[in-house]
Amino acid sequence: MTAADADEEVAADLADRVQDGELRLYELEAHADADTAAMARRVLLERETDADLSTVGDYSFPANEATGSNIENMTGAVQVPVGVVGPVHLDGEAASEEHYLPLATTEGALLASVNRGCAAIRAGGGATARVLKSAMTRAPVFRVADVAEASEVVSWVRANEDRLRDAAESTTSHGELVDVTPYVVGDNVFLRFGYDSKDAMGMNMATIATQEACEVVEAETPASLVALSGNLCSDKKPAAINAVEGRGRTVSADVEIPADAVGDVLKTTPAAIAEANTRKNHVGSAKAGALGFNAQAANVVAAAFLATGQDPAQVVEGSNTITTADVRTDDEGNESLYASVTLASLELGTVGGGTKLPTQSEGLDVVGVRGGGDPPGTNADALAEVVATATLAGELSLLGALASSHLASAHEQLGR
Ligand SMILES: CC(C)(COP(=O)([O-])OP(=O)([O-])OC[C@H]1O[C@@H](n2cnc3c(N)ncnc32)[C@H](O)[C@@H]1OP(=O)([O-])[O-])[C@@H](O)C(=O)NCCC(=O)NCCSC(=O)C[C@@](C)(O)CC(=O)[O-]
Ligand SMILES: NC(=O)C1=CN([C@@H]2O[C@H](COP(=O)(O)OP(=O)(O)OC[C@H]3O[C@@H](n4cnc5c(N)ncnc54)[C@H](OP(=O)(O)O)[C@@H]3O)[C@@H](O)[C@H]2O)C=CC1
């Protein structure tokens with residue numbers, strides 16, 4: 001079944017029943033297949049708005065592949081242009097030497113820019129990338145009587161982490177509890193649970209596991225659970241804790257590019273890029289009170305997320321990136337540009353969430369990381385290394401364009 005198989009007569013009847021108040025919009029899959037239910041919602045919207053949803057309705061995968069665990073009230077699919085950058089040359093711990101990366105965006109000039117950065121990285125002999133830490137976090141907040149009780153609860157948690165681990169890991173055959181870090185604010189106790197979620201981004205996994213652990217905390221201590229997510233996790237919000245402690249994967253990539261290649265590909269010099277990075281990404285970001293000290297990490301993370309089935313809202317954390325750029329001179333006086341990016345909280349997976357949807361899993365196939373890795377976790381590590389390297393590519397190219405005053409012209413030519 002796909003959109004083309006939807007039953008128009010049944011769809012029109014369902015739309016009538018919603019308009020008559022007999023059915024709710026979210027109940028239609030109980031009365032028809034998912035594709036017909038989606039068509040019924042489009043019929044209703046076309047009756048009640050000026051929209052023509054024929055293109056939204058012209059999707060090519062079975063609707064029930066999405067309505068099972070990815071969306072409710074489905075009407076169709078949004079088509080975002082997707083392109084490819086690379087090959088990205090990198091020496092990763094999990095990623096092999098050369099990968100292409102699909103990027104989905106509506107921003108003209110973005111792929112040209114990242115692609116140019118990939119060319120610069122190739123000219124430098126390739127990047128090195130490493131996943132430095134992996135822990136998906138969920139931090140529930142508990143109410144206690146006062147600070148004295150808070151201290152008792154923290155002592156119990158520290159003495160009983162194994163019991164919390166047994167409870168949490170009883171809900172998953174892949175996830176491993178890495179640590180539980182308590183934080184106290186008056187009569188509030190936060191417990192930041194961190195999980196090695198292997199090839200899953202791990203938010204559902206961590207949430208379900210932490211719920212189980214919280215039941216032990218409530219049974220064994222005077223703490224009362226107020227909210228399973230206490231915002232110290234911190235999911236989909238700008239938060240220094242993610243930029244400092246990390247969340248999901250903390251991954252870094254670097255490269256050293258000879259000065260002549262910087263000139264040929266990026267049309268500027270190592271010194272000009274280093275100065276732009278310092279004054280823009282460091283001084284400018286500091287003055288702005290930014291959490292990320294970079295130029296456009298979010299551009300690459302968002303485009304890679306859309307293309308490979310990640311949760312696009314977590315681009316917030318992906319922007320917690322620090323870019324460095326320095327001029328290096330060897331013993332013979334040859335200059336080069338050393339540049340790096342460190343993404344403190346890149347949350348992605350190659351199983352689970354949207355990664356199993358058809359076009360998204362095709363994107364993972366382009367990178368060569370669909371599904372579970374062997375050993376588990378290595379496919380998501382490889383994807384993180386490739387995304388970090390593409391982020392480095394985007395930084396190099398944009399800094400080069402800014403240093404050579406080509407940003408505006410690039411967007412006039414490619415973005416309009
Ligand atoms: C546009 C370029 C790349 C031209 O750059 P160029 O050096 O004039 O291009 P070139 O024709 O000399 O080609 C150099 C390489 O660029 C690549 N390239 C070149 N053209 C294409 C293309 N059409 N499609 C794909 N790849 C392309 C390609 O790899 C090529 O190498 P080759 O393969 O030929 O050996 C450059 O001017 C540039 O990168 N500008 C910066 C644009 C940019 O980064 N935009 C995104 C950021 S804007 C934004 O959203 C963030 C911002 C700015 O607001 C954040 C902030 O505040 O900082
Ligand atoms: N719940 C929440 O509060 C939030 C949820 N989300 C959503 O969560 C989803 C992602 O959650 P996530 O837990 O990653 O995905 P899923 O909920 O799809 O679960 C993925 C499951 O795949 C199984 N699995 C099979 N092979 C592997 C492997 N190699 N490595 C790891 N797991 C494997 C695991 O099952 P098992 O555990 O049984 O071993 C794992 O739990 C996204 O849709 C996102 O939008 C986002 C933010 C918040």
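We count residues from 1, following the sequence as given. Note that ligands are numbered from 1 as they come in the structure, with each ligand's atoms numbered from 1 the same way. Basis for what follows: all heavy atoms, side chains included, without hydrogens, waters or symmetry-related copies.
Near Ala295, meaning under 4.0 Å from any of its heavy atoms, are these atoms of ligand 1: 55 (C), 56 (C), 58 (O). Numbered from 1 in the order shown, with element, the atoms of ligand 1 that lie under 4.0 Å from a heavy atom of Val265 read 7 (O). Annotation for ligand 1: atoms under 4.0 Å from non-hydrogen atoms of Asn115 are 25 (C), 26 (N), 29 (O). When each atom of ligand 1 is checked for a heavy atom of Lys280 under 4.0 Å away, the hits are 56 (C), 57 (O), 58 (O). Close approach of ligand 1 to Gln296 (heavy-atom distance below 4.0 Å) involves ligand atoms 44 (O), 46 (C), 47 (C).
Ranked by closest heavy atom to atom 18 (N) of ligand 1, the top entry among Ala119, Ala401, Ala112 is Ala112. Evaluated by nearest non-hydrogen atom to atom 14 (O) of ligand 2, the leading choice among Gly202, Ser173, Gly352 is Gly202. Comparing Met205, Lys198, Glu169, Lys356 against atom 41 (O) of ligand 2, the shortest heavy-atom distance belongs to Met205.
There is a protein heavy atom less than 4.0 angstrom from atom 12 (O) of ligand 1. Remark: atom 24 (N) of ligand 2 lies closer than 4.0 Å to at least one protein heavy atom. Distance remark: protein heavy atom present below 4.0 angstrom from atom 1 (C) of ligand 1. For atom 47 (C) of ligand 2, a protein heavy-atom neighbour is found at a distance under 4.0 Å.
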Worksheet entry | Residue pair Thr268, Ser404: steps toward the side chain to side chain donor-acceptor pair (under 3.5 Å) verdict | CA-CA 6 Å; Thr268 184; Ser404 58; 5.8 Å; no
Worksheet item: What do the steps show when you test Gln310 against Thr308 for side chain to side chain donor-acceptor pair (under 3.5 Å), and what is the final call?
Response: CA-CA 6 Å; Gln310 312 304 326; Thr308 62; 3.2 Å; yes
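Contacts with ligand 1 closer than 4.0 Å are made by side-chain heavy atoms of Asn299 only, the backbone lying farther away. The proximity of Ser113 to ligand 1, defined as any non-hydrogen pair under 4.0 Å, involves the side chain as well as the backbone.
Remark: Ser319 OG to Gln296 CD distance equals 12.5 Å, nearest 0.5 Å.
Heavy atoms from other residues, nucleotides or ligands lying under 6.0 Å from CD of Glu161 number more than 12.
Not a single heavy atom of Gly349 sits less than 4.0 Å from an atom of ligand 2. Within the structure, the closest approach of Gly175 to ligand 2 does not fall below 4.0 Å when heavy atoms are considered. Using a 4.0 angstrom heavy-atom cutoff, Met136 does not count as in contact with ligand 2.
With respect to atom 16 (O) of ligand 1, the closest heavy atom belonging to the protein is Arg116 CB, 3.1 Å. The nearest heavy-atom contact from the protein to atom 50 (O) of ligand 1 is Glu107 OE2, 2.7 Å. Closest to atom 33 (O) of ligand 1 among all protein heavy atoms lies Arg122 NH2, 4.9 Å. In terms of protein heavy-atom proximity, atom 9 (O) of ligand 1 is closest to Lys267 NZ, 4.2 Å.
For Arg192 (side chain) and Thr137 (main-chain N/O), no donor-acceptor pair under 3.5 Å exists by modelled atom type. Side-chain atoms of Asn294 come within 3.5 Å of backbone N or O of Thr321 as a donor-acceptor pair. In this structure, Ser252 contributes its side chain and Val341 its backbone to a donor-acceptor pair below 3.5 Å.
In terms of N/O distances under 3.5 Å, ligand 2 is not approached by Lys236. For ligand 2, one of its N or O atoms has an N or O atom of His174 under 3.5 Å away. Residue Pro376 has no nitrogen or oxygen atom sitting less than 3.5 Å from a nitrogen or oxygen atom of ligand 2, judged on distance alone. The shortest N or O to N or O distance between Asp311 and ligand 2 is under 3.5 Å. Taking distance alone, with nitrogen or oxygen atoms compared against 3.5 Å, Asp235 stays at or beyond that limit from ligand 2.
Residue pairs meeting the ring pair (Phe, Tyr, Trp, His ring centres under 6.0 Å) criterion with at least one partner in residues 59-99, sequence neighbours excluded, are Tyr59-Phe61.
A salt bridge does not link Glu65 to Lys356: none of the charged nitrogens lies less than 4.0 Å from a carboxylate oxygen. Electrostatic pairing of Asp91 and Arg130 counts as a salt bridge here, judged by a charged N lying under 4.0 Å from a carboxylate O.
Qualifying side chain to side chain contact (heavy atoms under 4.5 Å, CB included) partners for Leu402, counting only residues two or more places apart in sequence or in other chains: Lys280, Leu398, Leu407.
Val144 approaches Asn188 most closely through the heavy-atom pair CG2-N, 4.4 Å.
Applying side chain to side chain contact (heavy atoms under 4.5 Å, CB included) to Leu14 and the options Glu27, Met39, Arg41, His31 leaves one that passes, His31.
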